[in-house]
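These notes concern the structure reproduced below.
As the structure is a prediction and not an experimental result, all values here were calculated from the model. Heavy atoms only: backbone and side chains are in, while hydrogens, waters and symmetry mates are out.
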Amino acid sequence: MVTQLTDTLAAAVCPVAPPGVQVYANQILSWVKWGVLAILGVCFFASVGMLIWGRVTHHPRGARLGMDGILICLVGAILYVVGYVIVLSIVGTGC
């Protein structure tokens, strides 16, 4: 009964940024989001180029590095989306 009450009280409390900080927090979060998105894009196109180069020149290690890079980009994109949801769930919305 006590843990249920404390869980309910903890769920009712929403984190609020100190006065004047929310603007900077939004700016930093948007820069990080765009930076990660740009890095993922560059990584993807570089990996596709490496894969094509490895196939054209019959260089097995180059093709392997390109495929590994594409898989790393895919995992990075998944972590990008999941990480944003985790941060959003910690900060909360609609309080």
Side-chain angles (χ1 to χ4, degrees):
M1 181 67 161
V2 172
T3 58
Q4 184 180 14
L5 181 62
T6 57
D7 289 342
T8 305
L9 290 176
V13 175
C14 295
V16 177
V21 175
Q22 189 62 45
V23 175
Y24 298 114
N26 291 341
Q27 186 177 14
I28 290 171
L29 187 59
S30 65
W31 281 39
V32 168
K33 285 173 58 176
W34 276 104
V36 170
L37 189 61
I39 290 170
L40 284 173
V42 169
C43 174
F44 177 77
F45 286 116
S47 297
V48 168
M50 189 72 164
L51 180 65
I52 292 171
W53 174 79
R55 292 291 182 180
V56 168
T57 61
H58 302 291
H59 194 278
R61 187 165 182 139
R64 173 71 187 248
L65 286 174
M67 192 55 143
D68 289 347
I70 290 173
L71 292 175
I72 289 170
C73 288
L74 183 66
V75 170
I78 291 169
L79 290 175
Y80 175 69
V81 172
V82 171
Y84 180 70
V85 170
I86 289 172
V87 168
L88 196 62
S89 67
I90 290 171
V91 173
T93 57
C95 294

Could you pull out every donor-acceptor pair under 3.5 Å between side chains of residues 62-75 and any protein atom, sequence neighbours left out?
unit_1	atom_1	unit_2	atom_2	d
Arg64	NE	Asp68	OD1	3.4
Arg64	NE	Asp68	OD2	3.4

key: By side chain to side chain contact (heavy atoms under 4.5 Å, CB included) - contacts of Val85 (at least two apart)   = none
ask   = Which ring-ring contact (aromatic ring centres under 6.0 Å, His included) pairs, counting each pair once, include a residue from residues 56-83, with sequence neighbours left out?
value = Trp53-His59
key: salt bridge (Lys or Arg N to Asp or Glu O under 4.0 Å) contacts touching residues 25-54 (sequence neighbours left out)   = none
inquiry  = Could you see if Ile28 belongs to whatever hydrophobic cluster contains Tyr84? Use Ile, Leu, Val, Met, Phe, Trp, Tyr and a side-chain cutoff under 4.5 Å.
reply    = no
message = Once ring-ring contact (aromatic ring centres under 6.0 Å, His included) is applied, what residue pairs with a partner in residues 28-50 remain, sequence neighbours excluded?
response = none
message = Between Met50 and Val56, is there shared hydrophobic-cluster membership here, with clusters defined by ILVMFWY side-chain heavy atoms closer than 4.5 Å?
response = no
side-chain hydrogen bond (donor to acceptor under 3.5 Å, both in side chains) contacts in which one or both residues fall within residues 35-45, not counting sequence neighbours = none
query = side-chain hydrogen bond (donor to acceptor under 3.5 Å, both in side chains): which pairs involve residues 18-29, sequence neighbours left out?
reply = Gln22-Asn26
Non-neighbouring partners of Ile86 that pass side chain to side chain contact (heavy atoms under 4.5 Å, CB included), sequence neighbours left out = Val82, Ile90
query = Going hydrophobic residue to hydrophobic residue with side-chain gaps under 4.5 angstrom, can you get from Leu40 over to Ile78?
reply = no
